[in-house]
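As structure tokens, the structure follows; a few thoughts come after it.
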Protein chains: 2
Amino acid sequence: MPSMSNTTVFQQQARDRLTDRGARITRARCAVLAALLAADRPLSHHDLEQQLEDLCDRVTLYRVLAWLVDENLAHRVSGEDRVWRFNADHPSDHRYGHGHAHFHCNGCGAVFCMDAKARVPAVPDGFQLEAAELILRGLCRECS
Amino acid sequence: MPSMSNTTVFQQQARDRLTDRGARITRARCAVLAALLAADRPLSHHDLEQQLEDLCDRVTLYRVLAWLVDENLAHRVSGEDRVWRFNADHPSDHRYGHGHAHFHCNGCGAVFCMDAKARVPAVPDGFQLEAAELILRGLCRECS
DNA sequence: GGTTACATGCCACCCAGTTGCATTTGCGGC
DNA sequence: GCCGCAAATGCAACTGGGTGGCATGTAACC
Ligand SMILES: [Mn+2]
Ligand SMILES: [Mn+2]
Ligand SMILES: [Zn+2]
Ligand SMILES: [Zn+2]
């Protein structure tokens with residue numbers, strides 16, 4: 001069986017997920033979702049702009065990302081540097097969904113998804129806890 | 001013994017901490033630190049601007065806050081809304097220092113310090129963990 | 001009081017993200 | 001294939017939190 005190039009695989013995956021949702025298949029959505037699927041860590045708007053090189057307007061990129069999060073095709077991580085990073089949600093992934101820890105590198109600023117999950121503590125009376133997020137800081141492999 | 005007004009107490013506390021540090025006592029530093037000491041939760045730049053009403057320029061406010069964090073007189077919490085909030089560090093407080101959890105209200109956007117601390121998980125080989133932060137989301141007492 | 005280093009005010013600027021509106025495009029029906 | 005229309009896009013202008021440069025003011029030391 002001849003092996004497909006990785007990019008093609010991810011683009012096909014992206015198209016499949018869009019059709020699953022019954023959503024319109026557009027160039028921007030396919031490319032952005034494929035890029036997120038291919039990435040091993042959450043990508044910022046800026047990362048994607050670089051990588052997709054004039055594929056679409058930056059506003060469209062923002063809108064596509066917001067839409068992917070809305071549709072639960074990706075989740076958003078907010079960084080100390082006040083930029084959001086996006087990560088495709090792999091349904092088969094044990095890290096699927098929210099709640100897994102994210103490691104923020106103090107050196108290069110990159111963010112990595114971790115296997116660990118936040119352990120949920122008790123909250124004071126009257127507070128309603130909906131989600132817990134665990135953020136780790138330090139140096140990544142590259143920056144150590 | 002006649003009771004001092006709360007504001008005066010906090011202003012005195014603020015002055016004391018500044019002198020402890022051997023730092024210059026300025027109107028802005030006293031007022032900002034007193035406001036943080038008086039607050040029961042982390043305050044944003046905007047919160048403080050409202051509360052201190054033309055006490056100083058907004059740039060000075062940013063600079064005072066950055067300085068307080070530098071001097072370990074306060075710590076900074078980064079919110080999902082891309083604004084920083086500041087909380088005085090009470091040396092006698094069991095929540096002193098970084099590492100305690102913060103509760104972000106999805107209703108009003110306020111942030112609260114919690115007693116719970118993040119439990120530190122293992123990280124992959126090559127990563128150097130320096131700090132762990134636990135963020136809780138949900139509804140605060142007011143918004144429940 | 002005079003000196004001086006540090007803090008402040010004011011300005012213009014940056015950067016991530018949003019909004020409004022006209023134009024294009026995916027897609028279902030023919 | 002072509003049409004029609006809702007949905008997506010491009011473009012321009014805008015918002016809001018935060019920063020940098022530089023001249024002026026002022027707390028602390030003598
Ligand atoms: Mn993730
Ligand atoms: Mn706190
Ligand atoms: Zn790094
Ligand atoms: Zn609330």
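Because only heavy atoms are used, hydrogens play no part in the values below, and waters and symmetry mates are left out as well, while side chains stay in. Every value quoted in this text rests on a predicted model; they were computed, and no experiment measured them. Residue numbers start from 1 in every chain, and the chains themselves are labelled A, B, ... in the order their sequence lines are given, proteins ahead of strands.
Rounded to an integer number of Å, the gap from CG of A:Asp81 to P of C:dC14 is 19 Å. At whole-Å resolution of the value, CZ in B:Arg76 and C1' in D:dT19 are 13 Å apart. Between the P atom of D:dT9 and the CG atom of A:Asp54 lies a distance of 16 Å, rounded to the nearest Å. Rounded to an integer number of Å, the gap from CD of A:Glu49 to P of D:dG10 is 12 Å. In this structure, the CZ atom of B:Arg85 is 15 Å from the C1' atom of D:dG18, given to the nearest Å. Remark: P of C:dA7 and CG of B:Leu55 are 16 Å apart, rounded to the nearest angstrom. Regarding A:Gln50, its CD atom lies at a distance of 14 Å from the C1' atom of C:dC15, rounded to whole Å. Remark: C1' of C:dC6 and CZ of B:Arg21 are 18 Å apart, rounded to the nearest angstrom.
Using a 4.0 Å heavy-atom criterion, one finds that A:Val59 contacts the bases of the nucleic acid, with or without backbone contacts as well. Counting non-hydrogen atoms under 4.0 angstrom, A:His46 reaches nothing in the nucleic acid. Residue contacts shown for A:Arg29 are limited to sugar-phosphate atoms, with no base heavy atom under 4.0 Å away.
Each of B:Leu61 and B:Arg82 lies near DNA chain C, and the nucleotide nearest B:Leu61 is the one positioned closer to the 5' end. Of the residues near DNA chain D, A:Arg63 and A:Arg58, the one whose nearest nucleotide (by heavy atom distance) lies more toward the 5' end is A:Arg63.
Geometrically, B:Arg41 engages B:Phe112 in a cation-pi contact, judged by NZ or CZ lying under 6.0 Å from the ring centre and within 45° of the ring axis.
Counting non-hydrogen atoms of other residues, nucleotides and ligands closer than 6.0 Å to CZ of A:Arg119 gives a total of 12 or fewer. Heavy-atom contacts from other residues, nucleotides or ligands closer than 6.0 Å to CD of B:Glu130 number more than 12. In A:Arg137, the CZ atom is crowded: over 12 heavy atoms of neighbouring residues, nucleotides or ligands sit closer than 6.0 Å.
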Distances under 3.5 Å between protein N/O atoms and the N/O atoms of nucleotides 25-29 of chain C, please, pair by pair.
unit_1 : atom_1 : unit_2  : atom_2 : d
C:dG26 : N2     : A:Arg24 : NH2    : 3.4
C:dC27 : OP1    : A:Ile25 : N      : 2.7

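A:Leu136 places none of its side-chain heavy atoms less than 4.5 Å from the side chain of A:His102.
In terms of phosphate contacts, B:Thr60 brings no side-chain nitrogen or oxygen within less than 4.0 Å of OP1 or OP2 of C:dA7.
Here A:Arg58 does not pair with A:Glu49 in a salt bridge; the nearest charged N to carboxylate O distance is not below 4.0 Å.
The backbone N or O of A:Cys56 sits nowhere less than 3.5 Å from a side-chain atom of A:Thr60 that would complete a donor-acceptor pair.
For B:Tyr62, the side-chain atoms get nearest to D:dT19 when compared with the rest of C:dT8, D:dT19, D:dG10. If you check D:dC11, C:dC10, D:dT9 against the side chain of A:Asp57, the one that comes closest is D:dC11.
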